[in-house]
Amino acid sequence: MIRLAWRNLQRNKARTWLTAGGIGFAVLLVSFAMSLQSGSYEIMIDSATRYFTGHGQVSTDAYIKQPRFARTIANAESLQAALEAIDGLTVFPRVQAFGVVSKGEKSLGGMILGVDFAAERQQLDVYNNVIAGQIPAALDQALIGAAMARNIGAALGDEIVVLGSGKQGSVAAAVFIVAGIVETGQVELDRSLIFAPFASVADAFYLADEAHMLVLMLNDLSRLDEIVAKVEAQLPEPLGVQTWQQLMPLIEQSIELDKAGGYLFFSLLLILVTFAVVNTFVMVLFERTREFGLFMALGMRPWQVIGQVQFEALLLSLLGVLLGLGLAYPLLAYLTSVGIPLDQVGGEEVSRQMQMGSMSRIYPKATWPSMTTAPLVLIVGTQLAALISTVRVQGIRPVSALRAE
Amino acid sequence: MTEFAENAKATAPVVECRGVQRIYQQDSVPVYALRGADLTIHAGEFVSLAGPSGSGKSTLLNVIGGLDAFDAGSVSVGGVDLAALTPAQLAQTRLHNVGFVFQAYNLIPVLSARENVEFILQLQGVASQERRSRAEQALHSLGLAELGDRRPGELSGGQQQRVAIARAIVTEPVLLLADEPTANLDSKTTSELLAVLRDLNQQQGMTIVTATHDPIVMEYTSRQVTMLDGEIRQDGGVAA
Ligand SMILES: Nc1ncnc2c1ncn2[C@@H]1O[C@H](COP(=O)(O)OP(=O)(O)O)[C@@H](O)[C@H]1O
Ligand SMILES: [Mg+2]
């Protein structure tokens with residue numbers, strides 16, 4: 001039967017190659033596009049999370065609901081140490097306070113962020129956007145947003161004063177020297193942000209071994225669920241974890257939207273190819289009515305004839321799938337290693353919109369779904385196409401089929 | 001195999017048709033292909049079914065072979081009443097008990113001569129070793145031993161029909177039905193093919209019914225039946 005199926009495919013070589021080629025092309029296109037998609041999502045998520053927010057954040061449930069200054073994590077240091085013990089995870093604390101920032105006569109409302117510069121600069125890209133000076137190295141140094149620097153007229157080396165209200169409503173005050181100016185790309189942040197050493201900000205605002213959040217960074221984002229579970233197991237009662245999906249819902253939504261659009265396009269393509277396959281098998285049935293009549297005259301049942309054609313369909317789709325994957329695999333392997341330069345695919349615009357300073361190449365990622373979806377759909381589609389075009393075999397009467405000259 | 005074969009070997013006739021009618025509706029006009037055909041064929045006979053085109057020869061053969069339905073009368077083959085069989089059972093009957101040779105388009109074009117013969121054994125579920133040896137043997141008995149690897153397109157018309165006969169007899173049927181097997185052959189090849197059928201009948205006792213409108217066929221058969229307008233007109237009976 002295999003032999004018969006194979007020979008029949010060879011009977012009309014042009015059509016076989018055309019159909020298999022169509023299937024192969026669809027497999028190539030869809031596998032490639034899906035791999036490109038998953039590669040671009042990965043980069044998108046990675047660069048978005050690595051910019052400033054982190055892969056996840058621990059804070060108190062109350063702070064998650066509404067970020068008030070008093071809603072801090074207690075025993076922050078020991079908790080940080082405990083979480084860092086988890087393999088593949090880096091943790092750094094932040095405090096976040098609001099206050100008035102002044103230089104001489106000029107004052108502005110600002111957000112004062114106490115961070116561990118040494119740890120954060122290794123993980124986050126925002127620190128690559130320091131346009132003047134450097135990242136603070138001493139406790140009395142600060143890094144301020146470019147728009148704020150302009151608005152209060154602060155230059156490198158100038159002294160700025162920060163005034164706010166501390167834990168129990170007491171007045172908090174600190175003086176910093178501007179060590180660097182950062183341009184994040186987001187106007188609101190540039191206008192209001194001050195990064196200062198964690199210890200200085202915590203002291204000035206009367207926090208004792210407290211933090212507003214512990215930022216979580218993973219070595220491997222694909223282990224997110226697993227690591228978040230481990231983190232959650234370590235957290236005392238009022239604390240919770242937010243992952244990047246909750247912290248940056250827009251990113252996830254735009255990925256979902258893009259995926260949906262992709263699926264729509266892939267479905268259309270696959271349906272189109274399936275119709276071409278239907279056409280092929282309608283022609284097969286038309287041309288081979290006499291042969292099928294002969295099969296049945298000899299004692300084959302209609303379902304056996306359908307089975308035979310199903311077998312031919314399977315060989316045909318396997319041929320096409322092998323062809324498509326055979327081309328897609330080396331292509332993806334190559335592009336996964338060298339990447340696709342983004343400026344050639346209009347990526348500058350994209351990377352600017354997504355504030356991804358460091359993203360210049362996109363690496364397709366062949367994933368299990370991206371490589372198996374199109375083949376599976378097309379194999380099943382081809383079987384169905386062959387089936388719907390050959391159910392009419394039931395209606396072939398061997399006597400008339402053989403009579404027809 | 002089977003009751004069929006056993007019954008056929010017994011004295012009961014291999015084929016028994018009584019008042020068989022076959023009515024086709026063509027553009028809602030009834031066409032009487034068979035209008036009450038009676039025919040009894042015993043084991044070991046070689047029957048020619050003559051008559052002008054349209055007289056119902058093919059229809060009668062198809063009815064006997066379980067390929068076509070009939071509207072009235074009774075048909076039994078190997079002692080089994082065909083009217084009582086389901087389509088699946090009829091297919092089984094065709095597969096195991098009846099060999100067919102058609103006028104044209106007998107062979108599967110993409111398979112070699114041997115594979116064509118093996119094909120029907122494969123449908124029967126015969127194991128591949130046995131399939132191969134039985135196919136070789138059938139081809140050999142028809143003088144085709146050398147041509148087993150050729151495809152139908154690489155064989156002459158006469159050779160193709162001999163392959164078709166090989167395929168028809170490889171299952172050891174109780175009955176071989178041939179519908180104008182020589183219609184597309186020249187007279188020399190026709191004689192050769194008829195000699196093959198006669199040998200099959202005389203040496204192996206194969207019961208054969210062949211439709212024809214070529215008078216020469218009748219010189220080879222043991223009994224000549226003539227049809228006209230869907231009825232048996234003349235029955236030469238068993239030749240002496
Ligand atoms: N499928 C069919 N539909 C309508 N009429 C048919 C069909 N098959 C055969 N006939 C008619 O039945 C009659 C007998 O046909 P057939 O058995 O083929 O005769 P023969 O084989 O002797 O030439 C003819 O009149 C033919 O036109
Ligand atoms: Mg005829």
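Naming: A, B, ... by sequence-line order, numbering from 1 per chain.
- Within 6.0 Å of atom CD in B/Glu146, 12 or fewer heavy atoms from other residues, nucleotides or ligands are found, so the atom counts as exposed in its surroundings.
- Taking B/Gln159 as the reference, B/Ser156 meet the side-chain hydrogen bond (donor to acceptor under 3.5 Å, both in side chains) condition, with sequence neighbours excluded.
- Looking at A/Arg288, there are no atoms closer than 4.5 Å to chain B (heavy atoms on both sides), in backbone or side chain.
- By number of non-hydrogen pairs under 4.5 angstrom with chain A, the leading residue of B/Ile108, B/Val110, B/Val98, B/Asn106 is B/Val110.
- Using modelled atom types, one finds a donor on one side chain and an acceptor on the other under 3.5 Å when comparing A/Tyr41 with A/Asp258.
- With hydrogens and angles left out, the side-chain atoms of B/Asp214 and B/Thr212 include no donor and acceptor closer than 3.5 Å.
- No side-chain N or O of B/Ser128 forms a donor-acceptor pair with one of B/Arg131 less than 3.5 Å apart.
- Only the backbone of B/Leu107 comes within less than 4.5 Å of a heavy atom of chain A; no side-chain atom from C-beta onward does.
- Residue B/Pro87 touches chain A through both its backbone and its side chain, counting heavy-atom pairs closer than 4.5 Å.
- Proximity to chain A at a heavy-atom threshold of 4.5 Å picks out B/Ser58, B/Thr59, B/Asn62, B/Leu67, B/Asp68 from residues 52-72 of chain B, in numerical order.
- The neighbour count for A/Tyr363 OH, taken as heavy atoms of other residues, nucleotides or ligands under 6.0 Å away, is above 12.
- Screening residues 120-129 of chain B for salt bridge (Lys or Arg N to Asp or Glu O under 4.0 Å), with sequence neighbours left out, gives no hits.
- Between the side chains of B/Gln103 and B/Asp179, no donor-acceptor pair is found at a separation under 3.5 Å.
- Under 3.5 Å, the side chains of B/His96 and B/Gln92 contain a donor-acceptor pair of N or O atoms.
- Using a 4.5 Å cut-off between heavy atoms, A/Leu294 touches chain B through its side chain atoms alone.
- Stacking of B/Arg22 on the aromatic ring of B/Tyr24 is recorded, both the 6.0 Å distance cut-off and the 45° axial limit being met.
- Interface with chain A: from residues 113-123 of chain B, residues B/Glu115, B/Phe119, B/Ile120, B/Gln122, B/Leu123 qualify, criterion being any non-hydrogen pair under 4.5 Å.
- Side-chain contact check for A/Thr280 and A/Thr19: at least one donor-acceptor pair (N or O, by modelled atom type) lies under 3.5 Å.
- Environment of CD in A/Glu226: crowded, with over 12 heavy atoms of neighbouring residues, nucleotides or ligands closer than 6.0 Å.
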